[in-house]
Amino acid sequence: MTYTIEKVTTLIGARRYGDRDANVGFLLTDSRSLCFPEETLFFALKSQRNDGHNYIPELYRRGVRNFVVADVPAGYAVDYPEANFLRVVNTLEALQRLAERHRDEFNIPIVGITGSNGKTMVKEWLYQLFSPGLHVTRSPRSYNSQIGVPLSVWLMDEQTQVGIFEAGISEPGEMLALRDIIQPTIAVLTNLGAAHQENFDSMEDKCREKLMLFHDAETVVYHADDENVARVVAEFRSKGERLCWSTQDRRAPLFVKSVAKGEGSTTVTYIYKGGAEASYSIPFIDDASIVNSIVCAAVALHLGLDARQLAERMPQLEPVAMRLEVKEGRHGCTLINDSYNSDINSLDIALDFMNRRPDHKGRRRTLILSDIFQSGDEPERLYKEVSDLARKRGVVKFIGIGPVLSAHADEIQLSEKFFFSTVESFIRSEVFRSLRDEVILLKGARQFGFDRITELLVQKVHETVLEVNLNAVVKNLNHYRSFMHPETKLVCMIKADAYGAGSIEIAKTLQDHRVDYLAVAVADEGAMLRGNGITSNIMIMNPELSAFKTMFDYDLEPEVYSFRLLDALIRAAEKEGITGYPVHVKLDTGMHRLGFDPEHDMDELIGRLHRQNAIIPRSVFSHFVGADSDGFDEFSARQFQLFDKASRRLQAAFDHKILRHIDNSAGIEHFPERQLDMCRLGLGLYGIDSRDNSIINNVSTLKTTILQLREVKAGDTVGYSRKGAIARDSLIAAIPIGYADGLNRHLGNRRGYCLVNGQRAEYVGNICMDVAMIDVTGIACQEGDSVEIFGDHLPVTELSTALDTIPYEVLTGISNRVKRVYFQD
């Protein structure tokens, strides 16, 4: 659906500057995601750390002509003669109001889903249940925020028969706007958990905020057995039918009579609104999936699916991979795997993700796409839109798989295109064998079996992998930004290969989220980042005298901590004819590791800096010794006093602004008054709060698999030197990870443990170079099962505590031979 610019002006109550005719079909809030500039309306959103108005010149150059702004650019008639500026008081509220007015155009069932967990799973499963017969518009991925919800609702068009949208909140006052945008006819609460509880006085207060979504809904769905939810619903003045479900109360509209788990499936027996007993099965046995299926059953039955249809479709539910996987492939390829579903909206998001990833090798971007089912569009129109998206997002090679795509090959307007009826025919082709040095997006409906393509293309290095959740990195970044003053800049530490997580992917993610500086240890690390498309400012914390040329060639900014280094750097820069090269001056205020003496060196330092023009101080910094402990607060105060006095002297000696920074991860939260111009984020970025060793958002998960199971009799031993004495008849598993992979030998002989199917399994005997043995007696497992060394369920801090060390050592000790797999929501 498109709106004229006149209509949009009226709907959002704007004052218009400019008189160019235009139609609006696409809403944009992030300049990096621009695709169709001619029909795009850009909302210049303001946040604590960014201002969308700054991107208007760039977007205008790229073809955007319609802008919603709080401030009209001065001289707009001259600088932007073809533009329309719609001025409003608040651009976010204007975005939300436009989506709300768009929602008013539809008199169809709209499902609004909130809850602490399970929102995306319920949304995707409802889509799978309804899409065989209905055209469903749903939130892309986890678009459930104050910005994501209006962008999701905007996706509804004339063909939409059912809308399904998530509503996520993290603090009081957020749900009202989302409710007005979604205006659900059916409101669903999946569950009530601990997420974001720190922002609410009580669990009941959080429940009240979430249940604001229920206010005008015709039907509300919730779990009656949850006492907190039931109590708040009872006091809530909801006008809608209360379609609750229960495993205890037979009077509930949806009474779940029994839940029977099998080896790989679960059967749920239920009675709906006093009718006949019925049942369905799902191909999952975990409790979360069972609960989510019951929520879906309630909504599906209410919207007209009968027990027979539910019984037919529930077993076909597919697991929802809610994150994009980035893997290194064979023959110089990088794989972006998003093959859990295939629809036009999720395709656009995946293409945008691929297009925004810098690629230093200039490799071609390749899209492998299956037939798109249940789109509601005629194939000619659908695949023309696919073609337009692919071209706009930089795709060079197109590989279509499926009979419908093959039949409409002419709609794909790319010069390099290939079509196959099945995955197997593609795998047998020369096109598959010739894939080389490409960035490949795999986007296909699961029934096509795209996992076969992934299996053959992914680089098989080791059965042990380190999974890195890039979304968790962003959450940790935003967690610390929430403690920072809006004007304070941020340096993110990605030295030691980003604490073992892989510096290239972490740097790409941080660059995408506009951090001010990246910091590495040595120049070679910085050069490698530059070679992989990283353009952010990069600070070198331990510059070597032999690496000056590398730093100059790659625009890397060194730390300067001694007169010897200072003089050598000046000579090297002068030899290259360089002037004004930025450096970062380190002061030693108590660490006694590296740095100028703030009490005795400042006069000499300032004098030497003034007597040359090859380098210029960009920042001055020091490092707290004990910001992670209250017991060192007095010493920290002394450090800050020394730093504050010396850094002010340095600033007073120069006319240009010199950034001052001393707060690290712990200091950002503990010493907010000392944030100054910039802070440095290290361990906290990787999800560990150094003040209490708690996990914020886990980033890295080290996993392996069971190679072999062996029964060992009591009295026998396991491993080298017969250290692993077995006291009872036991089942011992061998796993392909050892000290060469970074698994510390001191965890052996039952001093540490891992998790097998969620259960604790101790290391038995000495850990070998490539293999470790674990005791899985009493644990239901088989060869090939996954083993978690540390991660989401076993914090890395458990290992560091057992080893009497710090998490840094465990994380940075993971060998490079362990394959990294990256995920992005």
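Under 4.0 Å is where a charged nitrogen must lie from a carboxylate oxygen, and between D287 and K261 at least one such pair does. For R308 and E312, the salt-bridge test passes: some basic side-chain N is under 4.0 Å from an acidic carboxylate O. Note on D180 versus R103: no salt bridge recorded, every NZ/NE/NH1/NH2 to OD/OE distance being 4.0 Å or above.
A distance of 9.0 Å separates CD in Q146 from CE in M175, rounded to the nearest 0.5 Å. Between the OG1 atom in T29 and the CG atom in L92 there is a gap of 9.5 Å [rounded to 0.5 Å].
One N or O on the side chain of N292 and one on the backbone of A288 form a donor-acceptor pair closer than 3.5 Å. Of the possible polar contacts, one joining the T185 side chain to the I110 backbone as a donor-acceptor pair under 3.5 Å is found. The backbone N or O of K206 lies less than 3.5 Å from no partner atom in the side chain of E209, so there is not a single donor-acceptor pair. Judged by distance alone, the side chain of Q159 and the main-chain N or O of H135 form no donor-acceptor pair under 3.5 Å. Using a distance-only test at 3.5 Å, with no hydrogens or angles considered, a donor-acceptor pair links the side chain of R242 to the main chain of V233. Listed for the Q96 side chain is no donor-acceptor partner under 3.5 Å among the backbone atoms of P150. In this structure a side-chain-to-backbone donor-acceptor pair under 3.5 Å is missing from K210 to L189.
The aromatic rings of Y222 and F214 sit tilted, their planes meeting at an angle between 30° and 60°. Using cut-offs of 30° and 60° for the angle between ring planes, the Y3 and H102 rings count as perpendicular.
Side-chain contact between N191 and D226 is absent, with no heavy-atom pair separated by less than 4.5 Å. Using a 4.5 Å heavy-atom cutoff, the side chains of V221 and L254 are not in contact. The side-chain heavy atoms of V149 and S139, taken from C-beta on, include no pair separated by under 4.5 Å. Between F43 and I147, the closest side-chain pair of non-hydrogen atoms is not below 4.5 Å. Counting heavy atoms from C-beta on, the side chains of W154 and L98 come closer than 4.5 Å. Here the side chains of Q128 and E318 are in contact, with some heavy-atom distance below 4.5 Å.
In this structure, N107 places its CG atom where only 12 or fewer heavy-atom neighbours from other residues, nucleotides or ligands lie under 6.0 Å away. No more than 12 heavy-atom neighbours from other residues, nucleotides or ligands sit within 6.0 angstrom of NZ on K384. Atom CD of E235 has more than 12 neighbouring heavy atoms from other residues, nucleotides or ligands inside a 6.0 Å radius. Counting non-hydrogen atoms of other residues, nucleotides and ligands closer than 6.0 Å to CZ of R231 gives a total above 12. Counting non-hydrogen atoms of other residues, nucleotides and ligands closer than 6.0 Å to CD of E218 gives a total of 12 or fewer.
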Applying side chain to side chain donor-acceptor pair (under 3.5 Å), run through S279 and K257 and close with a yes or a no. CA-CA 9 Å; S279 65; K257 184 177 180 181; over 6 Å; no
CA sep, side-chain torsions, deciding dist, call: K119, E166, salt bridge (Lys or Arg N to Asp or Glu O under 4.0 Å): CA-CA 6 Å; K119 297 185 292 295; E166 297 181 45; 5.1 Å; no
Please step through side-chain contact (heavy atoms from CB on, under 4.5 Å) for the pair L303 and L126, ending with a clear verdict. CA-CA 11 Å; L303 285 179; L126 285 174; over 6 Å; no
Could you go through the side chain to side chain donor-acceptor pair (under 3.5 Å) check for S293 and Y280 one step at a time? CA-CA 10 Å; S293 79; Y280 64 81; 2.9 Å; yes
Side chain to side chain donor-acceptor pair (under 3.5 Å) between T247 and D225, intermediate numbers included: CA-CA 7 Å; T247 60; D225 297 342; 2.9 Å; yes
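Checked against T160 for a side chain to side chain contact (heavy atoms under 4.5 Å, CB included), the options I108, V136, L155 give a single hit: I108.
Defined by atom type and a distance below 3.5 Å, a donor-acceptor pair is present between the side-chain atoms of D286 and S289.
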